[in-house]
Amino acid sequence: MLQIEEERELRLKRNEESLREISDLIRKCNIRIIGVQEGEEKENGAESLFKEIIAENFPNLGKEIHVEEAARSPKYVNVKRRTVGHIVVKLEKLNDKERILGAARQKKITYKGTCIRLSVDFSAETLQGRRDWNDIFKSLRDKNFQPRILYPAKISFRYDGEIKTFADRHKLRELVAMRCLAPQEILKKALIPEKEKGERGYKARSKELNR
Amino acid sequence: MLQIEEERELRLKRNEESLREISDLIRKCNIRIIGVQEGEEKENGAESLFKEIIAENFPNLGKEIHVEEAARSPKYVNVKRRTVGHIVVKLEKLNDKERILGAARQKKITYKGTCIRLSVDFSAETLQGRRDWNDIFKSLRDKNFQPRILYPAKISFRYDGEIKTFADRHKLRELVAMRCLAPQEILKKALIPEKEKGERGYKARSKELNR
Amino acid sequence: MLQIEEERELRLKRNEESLREISDLIRKCNIRIIGVQEGEEKENGAESLFKEIIAENFPNLGKEIHVEEAARSPKYVNVKRRTVGHIVVKLEKLNDKERILGAARQKKITYKGTCIRLSVDFSAETLQGRRDWNDIFKSLRDKNFQPRILYPAKISFRYDGEIKTFADRHKLRELVAMRCLAPQEILKKALIPEKEKGERGYKARSKELNR
């Protein structure tokens, strides 16, 4: 009985992981445009808005780029939400996405002169997993440990001449607690209010998915 | 223990919902052609059959439309089934699908003079969820409550000057039972044989997925 | 309680099947190139390597084929693994994939004169399911029962003038045990060490998915 339970737990977890992978895979050719005022795309459509952004910021890239679809996400403005939705652009070629986002990392991006951001598009789960590292990421960066977030939601940083990689906070916390891994002052500060944070993260995720 | 059970139930449900969303997303650029005789596509392929339909019905739309793939679904004729399979056409651009289906709502569609239908393509789950509203939809329409089916499988209708939206029958039934919501005679008739209908729907779905 | 358990088991299984179907669907337009040395794609990219292969082997097919993306999979060389990764090419049109793989079945494929293979791309689950038939497939082929592997992971073979199809070993084993179905000497040999094989298959799959 216990074994069945364990196996079922494993299968459930595997399904969740596959789902996350597939959700990310489907978004692989997408670019998120963050910061464009609601309604700007009304007149000419989101696709031509994207093309304007490319023309304004990367005049050399624009001509050959094929857009599969582009739309505000979520589609309908929620008056209760105060945040502005992103525009999600699906390109035909993965290569185009990578060229654009690569170029976008080198400079400030604008639309009609206003600052905007271009970003990858992840599933809600992957996004939350990455966000869960935010505080630790900042602590490590401030102390110059050169942290990086790896796909899907791992953190890596330089420590003692090596690159350490962690997939979840618990593991990192354990090692910090056992003093196998300093920088304790930094990480502890970020890791101790674990319980509330973990729960908040979990609830936020559930809410998002159950909407 | 009970909490683990509840959480697991929640996770299972979340997986089912994600799966349905993904299944629908994959079908987003698809059009279903309903009513074309089995075998009609044998000679020139399903793609050129689709292009004939466009040329016959929407001579202005046809030229720029790119088809990713087109095939009879299911692929092989089941001699035991008496229904004819649909032809599923996957377009390259979401926009093209919407233009075609939008135009198809305005007129009768024919193939070589015979009436056919063009329709969106949903996952089996979403389709069943929408079908489950059929009886209530008809009752409401007959009484002029202007019902609509919303994505993925909600019903909305005008009642008492407001638009009411329901995601499942149980909720709607509760409100009808509590007399918070008339039109009781109409809805009751549709909602009372709930048990058998629910079960039939569920079994049909299981069978379809386990084939 | 028991009924809830059973229903949950059914739902879990249905999710697994849907996931496998979706994973395969996403890979539908893919071709795997097997046997190209690691690093060969470094200079000009995996896409142009694929185009070289097409030009070298199918000079008549090449011009119209559009590639959506192409990359070594897995992306990074694992020094611990001794096997060479495949190159996965995603085509824009399903039809192109079928034409190429159809032509590839008729002749030896080479890249710069070295033998390579072109193959369909399945999810890890489907691939494992198909591999699980390997031993039985070989036994049946050696005795001229004309076995075939059907999608996703079924075996069929000619027996006693009919075509028999099986989706899992247990069913096939039962029938062999009950002597309803010879060829017993052949199948028994393959089916008896069932327990160890089944478990090995299961563990291999788990490991692959949990990486």
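Naming convention: chains lettered A, B, ... in sequence-line order (proteins, then strands); numbering from 1 in each chain. Worth knowing before you read on, the calculation uses all heavy atoms, side chains too, and leaves out hydrogens, waters and symmetry mates.
- Only the side chain of C:Glu69 comes within less than 4.5 Å of a heavy atom in chain A; its backbone stays farther off.
- Identified under the salt bridge (charged side-chain N to carboxylate O under 4.0 Å, His left out) test for residues 83-94 of chain A, with sequence neighbours left out: A:Lys93-C:Glu47.
- Using a 4.5 Å cut-off between heavy atoms, C:Ile26 touches chain A through its side chain atoms alone.
- Contact annotation: the side chain of A:Val84 approaches that of A:Arg72 to within less than 4.5 Å [non-hydrogen atoms, C-beta and beyond].
- Neither the backbone nor the side chain of A:Asn95 has a heavy atom closer than 4.5 Å to any heavy atom of chain C.
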Going by atom type alone, with no hydrogens or angles, which donor-acceptor pairs under 3.5 Å involve a side-chain atom of residues 98-109 of chain C and a protein atom two or more places apart or on another chain?
{"residue": "C:Arg99", "atom": "NH2", "partner": "C:Asp96", "partner atom": "OD1", "Å": "2.9"}
{"residue": "C:Gln106", "atom": "NE2", "partner": "C:Gly102", "partner atom": "O", "Å": "3.4"}
{"residue": "C:Lys107", "atom": "NZ", "partner": "C:Asn57", "partner atom": "O", "Å": "2.7"}

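- Contacts between A:Leu19 and chain C at a heavy-atom distance below 4.5 Å involve backbone atoms as well as side-chain atoms.
- We find that A:Arg169 and A:Asp135 are joined by a salt bridge, their nearest charged nitrogen and carboxylate oxygen being less than 4.0 Å apart.
- Looking at A:Lys13, there are no atoms closer than 4.5 Å to chain C (heavy atoms on both sides), in backbone or side chain.
- Within a 6.0 Å radius of CZ in A:Arg141, more than 12 heavy atoms belonging to other residues, nucleotides or ligands are found.
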